[in-house]
2 protein chains.
Amino acid sequence: MKTLRVPEATVTRLSIYSRFLERLDKNGISNVSSGEIAEGVGVSPAQVRKDLAYFGEFGTRGVGYNVQDLMRYTLKILGLNRHWSLVVVGAGNLGFALSTYHGFNIRNFNIVGVFDSDITKIGKRIGNLEVLSLDHFPQLVQEHDVHIGIIAVPPQGAQEVADLMIKSGLGAILNFAPVALNVPDKTEVRNVDLSVKLEILTFNLALRSAQSL
Amino acid sequence: MKTLRVPEATVTRLSIYSRFLERLDKNGISNVSSGEIAEGVGVSPAQVRKDLAYFGEFGTRGVGYNVQDLMRYTLKILGLNRHWSLVVVGAGNLGFALSTYHGFNIRNFNIVGVFDSDITKIGKRIGNLEVLSLDHFPQLVQEHDVHIGIIAVPPQGAQEVADLMIKSGLGAILNFAPVALNVPDKTEVRNVDLSVKLEILTFNLALRSAQSL
DNA sequence: GACTGTGAAGCCATTCACAGCT
DNA sequence: AGCTGTGAATGGCTTCACAGTC
């Protein structure tokens with residue numbers, strides 16, 4: 001088997017390209033060059049071409065790329081030629097925001113369950129869902145063929161939730177809790193750490209004011 | 001002047017180390033080795049030492065690092081030896097969640113203003129803040145000496161908000177809108193793109209099921 | 001003996017530059 | 001002439017391996 005080794009940064013940009021292409025398509029633009037994509041998303045043209053080259057030849061020399069075709073290819077590569085059901089654990093403010101985040105729907109993601117261990121939150125309505133006790137977690141995951149879970153609980157509870165997710169058969173976790181999760185190799189985990197991003201900003205601001213002394 | 005060129009990945013990890021060290025400190029642990037830090041946050045021991053080496057020598061050979069000292073150093077490096085006032089633009093679900101996110105307070109970040117252009121949201125209470133019209137934006141930024149703004153509006157409005165932030169004197173932006181912002185070089189921007197992270201997961205899940213055919 | 005600090009090596013991602021096609 | 005596709009060159013981050021210190 002040809003083992004496709006693609007840099008994660010490339011996958012990240014592919015996701016961004018695909019959204020940009022959707023925008024072009026919606027605006028009725030049918031052809032685009034690597035330079036225009038680069039301009040639109042803030043990378044170099046060579047980078048765009050190299051990224052796409054990992055997956056095939058999608059363009060026409062001298063002309064560029066067909067927007068609709070390339071859009072479909074990128075979506076397919078990202079696995080977005082199907083629906084994905086998601087579950088969210090944690091019905092606090094962040095969990096609520098994620099459960100109702102419109103950006104997910106647009107990209108074919110569907111939240112099918114929201115869970116919390118806090119008895120005061122169970123039964124609460126979020127959109128057309130009801131917050132459930134974690135007792136129902138494994139069953140709902142099975143019924144809806146869920147593969148991805150989102151963790152939006154405080155750090156102390158995150159590992160326990162991850163364990164439950166893995167035991168219930170999820171293959172991928174998006175973790176918003178600021179802790180390193182311990183999971184088997186086969187489980188894909190990506191962290192979104194809100195404070196870290198802010199601290200990159202403060203680092204740079206602090207550096208800058210130190211330099212101007 | 002010695003120009004300190006530090007990889008962004010190093011800054012990211014520094015932020016993670018510092019939080020881990022806070023946890024150790026809270027648990028009364030006073031000494032730690034690079035191996036223990038590595039274990040705790042999921043990187044290699046050499047990486048930990050290399051990262052710290054960008055900023056000085058903080059350990060004792062044969063012994064390790066003093067937790068409290070190293071914690072303070074890392075916080076200082078990240079610019080967290082002071083308070084930072086933040087403003088959030090966008091009082092939708094995401095803006096609301098960010099405005100009330102406890103993780104920010106813990107790290108010395110303080111949300112001092114939440115704004116929206118939607119007249120139905122203005123006046124709404126979020127914690128002890130009131131959602132304000134953008135008319136008040138420049139004034140509040142000045143009064144509270146704000147340097148960092150968070151964008152939590154739909155993609156169409158993001159660039160306009162960024163322009164206002166820059167005109168009002170902010171030096172750094174954390175952008176949750178899934179678009180590339182156009183800003184002058186001096187303005188620091190970092191993007192948090194929720195869909196992108198999910199799509200890295202679907203990419204890997206799709207890849208995996210393709211490989212097992 | 002244990003663990004840090006660091007030059008060197010290795011590895012990976014990005015950029016360059018140009019051949020190839022329309 | 002214009003733009004893609006790609007091998008080669010570059011640059012940057014991570015890992016290695018060991019000298020230095022307690």
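Chain identifiers are assigned alphabetically (A, B, ...) following the order of the sequence lines, protein sequences preceding nucleic acid strands; residue numbering begins at 1 within each chain.
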Visitor: Figure out the CZ/C1' separation between Phe55(B) and dT6(C), and round it to whole Å.
Guide: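 To the nearest whole Å, that distance equals 16 Å.
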Visitor: Ignoring backbone atoms, test whether Gln47(B) places a side-chain nitrogen or oxygen under 4.0 Å from the OP1 or OP2 oxygen of dC13(D).
Guide: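 No, no such contact exists.
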Visitor: Could you state the CG-C1' distance from Leu52(A) to dT4(D), rounded to the nearest angstrom?
Guide: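 Checked: the CG to C1' distance equals 10 Å.
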Visitor: Closest to the Lys50(B) side chain: dT14(C), dT6(C), dC21(C)?
Guide: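 Side chain of Lys50(B) sits closest to dT6(C).
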Visitor: For DNA chain C, whose closest nucleotide is more 5', that of Gly62(B) or that of Ala53(B)?
Guide: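 Its nucleotide being nearer the 5' end, the pick is Gly62(B).
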Visitor: Say whether, by atom type as modelled, one donor and one acceptor occur between the side chain of Gln47(A) and the main chain of Ala38(A) under 3.5 angstrom.
Guide: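 Side chain of Gln47(A) to backbone of Ala38(A): no pair is present.
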Visitor: Once you round it to whole Å, what is the distance between P of dA19(C) and CD of Glu57(A)?
Guide: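 Going from Glu57(A) (CD) to dA19(C) (P), I get 18 Å.
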Visitor: Could you state the CD-P distance from Glu8(B) to dG11(D), rounded to the nearest angstrom?
Guide: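 After rounding, the gap between these two atoms is 21 Å.
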Visitor: Does Arg49(A) contact dG5(D) through a side-chain donor or acceptor facing the base, at a distance under 3.5 Å?
Guide: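 Between dG5(D) and Arg49(A), which were checked side chain against base, a qualifying N/O pair under 3.5 Å is present.
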Visitor: Tell me which nucleotide among dT14(D), dC21(C), dT4(C) gets nearest to the side chain of Arg61(B).
Guide: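 It is dT4(C).
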Visitor: Do the side-chain N or O atoms of Ser34(B) get closer than 4.0 angstrom to the phosphate oxygens (OP1, OP2) of dT4(C)?
Guide: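 So the side chain of Ser34(B) is within the cut-off, an N or O lying under 4.0 Å from OP1 or OP2 of dT4(C).
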Visitor: Just by distance, with hydrogens left out, do Arg107(B) and Ser18(B) show a side-chain donor and acceptor under 3.5 Å apart?
Guide: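 Side-chain D/A pair, Arg107(B) to Ser18(B): present.
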Visitor: Between Asn66(B) (CG) and dT4(C) (P), how many Å, whole number?
Guide: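 Rounded to the whole Å, the gap is 13 Å.
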Visitor: From C-beta outward on Tyr65(B), which listed nucleotide comes closest to its side chain: dT4(C), dT15(D), dT6(C)?
Guide: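 Within the option list, the nearest is dT4(C).
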Visitor: Rounded to whole angstrom units, what separation is found between the CG atom of Asp51(B) and the P atom of dG12(D)?
Guide: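 Distance check: Asp51(B) CG to dG12(D) P gives 17 Å.
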Visitor: Rounded to whole angstrom units, what separation is found between the CG atom of Leu14(A) and the P atom of dT14(C)?
Guide: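 So the two atoms are 13 Å apart, to the nearest Å.
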Visitor: Take atom CD in Glu39(B); do more than 12 heavy atoms of anything else shown fall under 6.0 Å from it?
Guide: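 No, CD of Glu39(B) has 12 or fewer neighbouring heavy atoms, counting only those of other groups under 6.0 Å.
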Visitor: Taking OP1 and OP2 of dC22(D), is either one under 4.0 Å from a side-chain nitrogen or oxygen of Thr60(B)?
Guide: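 False: Thr60(B) side-chain N/O out of range (4.0 Å or more) of dC22(D) OP1/OP2.
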Visitor: Whether Arg5(B) contacts dG12(D) is assessed here as follows: a side-chain N or O lying under 4.0 Å from the phosphate OP1 or OP2. Is that the case?
Guide: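 Checking dG12(D) against Arg5(B), no side-chain N or O comes under 4.0 Å of OP1 or OP2.
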Visitor: Is Glu8(A) paired with Arg190(A) through a side-chain N to carboxylate O contact shorter than 4.0 Å?
Guide: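 Salt bridge flag = yes for Glu8(A) with Arg190(A).
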Visitor: Atom OH of Tyr73(B) and atom P of dG5(C): how far apart are they, to the nearest Å?
Guide: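 One finds 11 Å between P of dG5(C) and OH of Tyr73(B), rounded.
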Visitor: CZ of Phe104(A): more than 12 outside heavy atoms within 6.0 angstrom?
Guide: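 Check passes, neighbour count above 12.
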